[in-house]
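Side chains included, hydrogens not; waters and symmetry mates left out as well; all remaining heavy atoms used. Start at 1 with the first residue, then count along the sequence. Since the structure is predicted, the reported quantities are computational estimates derived from the model, not experimental observations.
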Amino acid sequence: MDETLTSSSSPPVSGPASKRIVPPYTPSGDEGKDRLYFFHLLERLKIASPESISDHMHRMAVLALCSSDKSLDVGKCVLLAVVHDLAEAQVGDIAPSDGISKQEKRRLEAAAMDNIVNDMLGGGVAAQRIRALWDEYEAQETAEARFVKDLDLLEMALQATEYEKAYQGKKQLDPFLESSIPRLRHPEVQSWGSDLTAERNEFWTRETTNNSEST
């Protein structure tokens, strides 16, 4: 979909598919919109549609690097982001629609991590480091783990809005936004979520106006 380059739009591209170029971005003067543009720009690094789990974790890691919260160990947040869904490489992305209970999901994923850490990686220092990071995220007891959980939710919301734009306003993905944005807890990520919500509202206002004028 061709879009005019603005601070509140996803990055447009030009050129052949093998070399899609995003034009240089001009700051809008609105820090929130400028940062949100960067978050959307990261989608260009994704390799599949729908995106892969690795794509999701990579954008989360870069989002972690964007934090200005000096109380967080940002390096730890990056590591948590790139490990937190590792079990899904074996058990897949288990969704509520799969009819599997939360308890069973946790059991399956823990067993997968046991298999990865002990059987694939031999249980050594590197393997235990990965397992410790995964366990920390699952426990949700540290500030870093809770922050990364917020990034998990925000990344899902970002992707949902990008799909809405790709569908050219023909599909609304409200459930993904309603199950993510209200659950954000970290003040900085809440502000990013507010920026995203404002951007999405602007998009749907334009789509509604355009549809009304065309009928």
Inset, instruction - Return the set of residues passing side chain to side chain contact (heavy atoms under 4.5 Å, CB included) with Ser194 (not counting sequence neighbours), or none when no residue passes. - result: none
Legend entry - Within-4.5 Å side-chain heavy-atom neighbours: Asp195 and Lys33: no
Legend entry - Partners meeting salt bridge (charged side-chain N to carboxylate O under 4.0 Å, His left out) with Glu109 (sequence neighbours left out): Lys105
Legend entry - Set of residues satisfying salt bridge (charged side-chain N to carboxylate O under 4.0 Å, His left out) with respect to Arg107, sequence neighbours excluded: Glu104
Inset, instruction - State, to 0.1 Å, how close Leu184 and Leu154 come at their nearest heavy-atom pair, and which atoms those are. - result: CD2-N, 4.2 Å
Inset, instruction - Go through the structure and list residues passing salt bridge (charged side-chain N to carboxylate O under 4.0 Å, His left out) with Asp114, not counting sequence neighbours. - result: Arg131
Inset, instruction - Quick one: do Lys76 and Glu144 satisfy salt bridge (Lys or Arg N to Asp or Glu O under 4.0 Å)? Show the steps, please. - result: CA-CA 7 Å; Lys76 169 67 74 67; Glu144 286 76 15; 5.8 Å; no
Inset, instruction - Apply side chain to side chain contact (heavy atoms under 4.5 Å, CB included) to Gln103 and list each qualifying residue two or more places apart in sequence or on a separate chain. - result: Ser101, Arg106
Legend entry - Counterpart residues, side chain to side chain contact (heavy atoms under 4.5 Å, CB included), relative to Ala95 (two or more places apart): Ser97, Asp98
Inset, instruction - Report yes if the side chains of Arg35 and Trp192 come closer than 4.5 Å at any heavy-atom pair, otherwise no. - result: yes
Inset, instruction - Not counting sequence neighbours, which residues clear side chain to side chain donor-acceptor pair (under 3.5 Å) with Asp119? List them please. - result: Asn115
Inset, instruction - Flag the pair Leu158 / Leu63 as yes when at least one side-chain heavy-atom distance between them is below 4.5 Å, and no otherwise. - result: yes
Inset, instruction - Identify the heavy atoms of Cys66 and Phe39 that sit nearest to each other, and give their distance. - result: SG-CE2, 3.7 Å
Legend entry - side chain to side chain contact (heavy atoms under 4.5 Å, CB included) partners for Ser180, two or more places apart: Leu153, Met156, Ala157
Inset, instruction - Would you check, one step at a time, whether the test side chain to side chain contact (heavy atoms under 4.5 Å, CB included) holds for Gln128 with Asn118? - result: CA-CA 9 Å; Gln128 293 306 319; Asn118 298 319; 4.1 Å; yes
Legend entry - Members besides Val74 in its Ile/Leu/Val/Met/Phe/Trp/Tyr cluster (side-chain heavy atoms under 4.5 Å): Leu65, Val78
For residues 81-88, dump all side-chain donor-acceptor pairs below 3.5 Å to protein atoms at least two apart in sequence or in another chain.
from: His84; atom 1: ND1; to: Ala81; atom 2: O; distance (Å): 2.8

Legend entry - Nearest atoms (heavy-atom pairs only) where Glu164 meets Asp174: OE2-N, 4.4 Å
Inset, instruction - Pick out which of Arg59, Glu199, Gln159 makes a side chain to side chain donor-acceptor pair (under 3.5 Å) with His40. - result: Glu199
Legend entry - Residues forming a salt bridge (charged side-chain N to carboxylate O under 4.0 Å, His left out) with Asp152, sequence neighbours excluded: Lys149
Legend entry - Sequence-distant partners of Ser68, side chain to side chain donor-acceptor pair (under 3.5 Å), two or more places apart: Glu188
